[in-house]
Amino acid sequence: MKAHARLTACFDGSRTVLRELRSMAPLSLVPRRDTGPEAVVHLVNSATAPLGGDNLRLTIQVGAGAVLHVVAVAATLVLPGPHGTPSTSLVELDVADGGSLEYLPGPVIVTAGANHTAELRGDIAGHLHARETLVLGRDGERPGRLTTTQHLTRGPVPLLRQTLTVGDPELDASIAHLAGHRVMATALMIGEASRAPASGRWWSRTALAAGGTLATSLAPDVVTAQARLEAATSA
Amino acid sequence: MRVEHGHGHGHHHQVDFDPTATAPDHHDATPHAGRAYRIGIGGPVGSGKTALTAALCRALGDELELAVVTNDIYTTEDADFLRKAGVLAPERIEAVQTGACPHTAIRDDITANLDAVERLEEKFPGLDLVIIESGGDNLTAVFSRGLADSQIFVVDVAGGDKVPRKGGPGVTTADLLVINKTDIAHLVGADMTVMTSDAHRMRGDLPVIAQSLVDTPDAPAVAAWVRSLLPTRTR
Amino acid sequence: MDLAALIIADSRFPGGGHVHSGGIEEAVVRKLVVSERDLPAFLLSRLRTAGALAATFAAAAAHATTREVRSGHWRRLDAEFDARTPSQAQRAASRAQGRGTARAGRVAWPSPALSDLLGECPRPHHPIVLGVLVGVPHDAAMAAAYLAVSGPASAAVRLLGLDPFQVNAVVARLAEPMREVCAHAADVAGHDPATLPAPSSPGLDLFAEAHAAQHEEEVRLFAS
């Protein structure tokens, strides 16, 4: 399945309006009503996507002055295709100077046999708060393969470029990767003053070189990972 | 107290700094305008290196712009001692991590110490003197000439009166040998006559100072020796 | 392999590498690495993440010395390495080693490329200055990848008193993955810096931050 969903938020002088809202199965964008000057859109994935063979793409644009929240309602299960066919997903973010985007996709669960490549690309002149939660397999399940990449820039300035490949049992358990944990959660804040580094046993918060803050937590389960991420962002 | 100076021991203060020169900054040990004179203080654990450093800070702190680099093995004990002793403002003390190899950090790979010295020079542009105190080590540990312009090796009477006789590069080649804690020589059965005459025999014309920081807390003889090394200042 | 690469990869090279443990001190403090048996996984994962990143940028910097690069290229490469190193503690460790390597390099291998690099980036990242000094992409990748594992291996010997023969053998067994990492680094060395690979190491980054923070409370023997 090939799909490209689009969402464009602009500021009309008093509130954020959704100039473009194009869902395409399996990616559904559901706007919430009565959210005041800010816009809230729920991201609803069909239960069986992405599936091997799928190529999914989501483009979000936020204009100057607009404030948009994109919030997933559930976790995403990354599933294998019939013949081990790989799947891809691409999320493109474009936040203009003076615009603000909160992008909160649900946890991504890499199920056994999956072979998925996920990419997040963003040109962020304004403000971005993005979270990512990665889960290696359902409870007790060995994960399939996932390569996840983040490319975030501010115009020509690179802010964050990271690729993580999971699904190699030797590396997944290693200290360099997830140090034996099943879940990694990150929170990225761009466009606000960088915050001083802080760390706990399994979480850390660090300042990016070109501005921005990245918080990371590792944990055996999603609830703990999110609690640790909370500690990292609020410390 | 005995003070014996040898002949001039090679401390020429060549001023060859040319700000327009494009030649590589090769960090040789030749002191030049714009950089502080560096004295290394080495010697075995417990011989009184930190006490001597504190004494020199007391003796010279009013007349010189002074800073200290410490190289502890397992703690920041020495830096903390100096900070608590109140002989020097805490920001004038830098502690270096030596990767569990204190002699490497002062001799074979002096990078971390040079970085610390340069940090101090950047913070205090008019710095006259940097004292680099080594982590307690064995009798073979000497400072690289690329790090220290002159070096003092400190032994104490409690280490046994045969220490000077054992020699080693510290005892035989340091620009100054200090025999510390002469006030307790009788308690530990050390024969000062044997110690000093052995020291002179091993060192030829190089100077030896036997002292007690209990009797003379400001180490006047060592302070005088240090003064004699510094270029005439025009302040 | 050229002599410069061998010298820079030698643990006796006076570039300040011996005070960095590559995260293994933190792992030792947490008792996650306690014996020779824990080393292969640690070193392999470091090689394929932080080591691969270092090899990539060393090769890219070496490649840039062999072609005409426009003014500003070194700053761009520096910014791209920064973007691939989210941990502030890791960036500080890389720049400290870069500065030390540059200090030694200016004496041993002065060159117009080195002057250009240091003109644009006075405190260069370690792999970039290493690449400029070595000048041959594959050799530079090998030196960088090797240092990414030899430093922590040597730190483990010092911290835990491990059997040096066993530890040496563990490093030797990394030959095949190291070949792969370096071949890939050399393959992409001439690419636009923005498109260079960006292998991440979230665990090592987390440890590096903890190491730096812990040093304020209880002392660490290594700078990173």
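Since we're looking at a predicted model, the values are computed, not measured. Just so it is clear: chains get the letters A, B, ... in the order the sequence lines come, proteins before strands, and each one is counted from 1.
- Only the backbone of B:Asp108 comes within contact range of chain C, with heavy atoms under 4.5 Å apart.
- Taking the charged nitrogens against the carboxylate oxygens, C:Arg76 and C:Glu120 have no contact shorter than 4.0 Å, which rules out a salt bridge.
- Scanning residues 8-17 of chain C against chain B with a 4.5 Å heavy-atom cutoff picks out C:Phe13, C:Pro14, C:Gly15, C:Gly16, C:Gly17, ordered by number.
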Can I get a per-line list of side-chain donor-acceptor pairs under 3.5 Å for residues 141-167 of chain C, giving both atom names and the distance, sequence neighbours left out?
from	atom 1	to	atom 2	distance (Å)
C:Ser150	OG	C:Tyr146	O	3.2
C:Ser154	OG	C:Arg158	NE	3.4
C:Ser154	OG	C:Arg158	NH2	2.9
C:Arg158	NH1	B:Gly99	O	2.5
C:Arg158	NH1	C:His18	O	3.2
C:Asp163	OD1	C:Phe165	N	2.8

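- Side-chain atoms of B:Glu133 and B:Thr50 form a donor-acceptor pair, as typed in the model, at a separation below 3.5 Å.
- Among the candidates C:Asp82, C:Thr85, C:Thr101, the single residue satisfying the side-chain hydrogen bond (donor to acceptor under 3.5 Å, both in side chains) test with C:His125 is C:Asp82.
- Looking at B:Lys123 and B:Glu91, no side-chain N of the basic residue comes within less than 4.0 Å of a carboxylate O on the acidic one, giving no salt bridge.
- Between C:Asp78 and C:Arg95 there is a salt bridge, since at least one side-chain N of the basic residue sits less than 4.0 Å from a carboxylate O of the acidic one.
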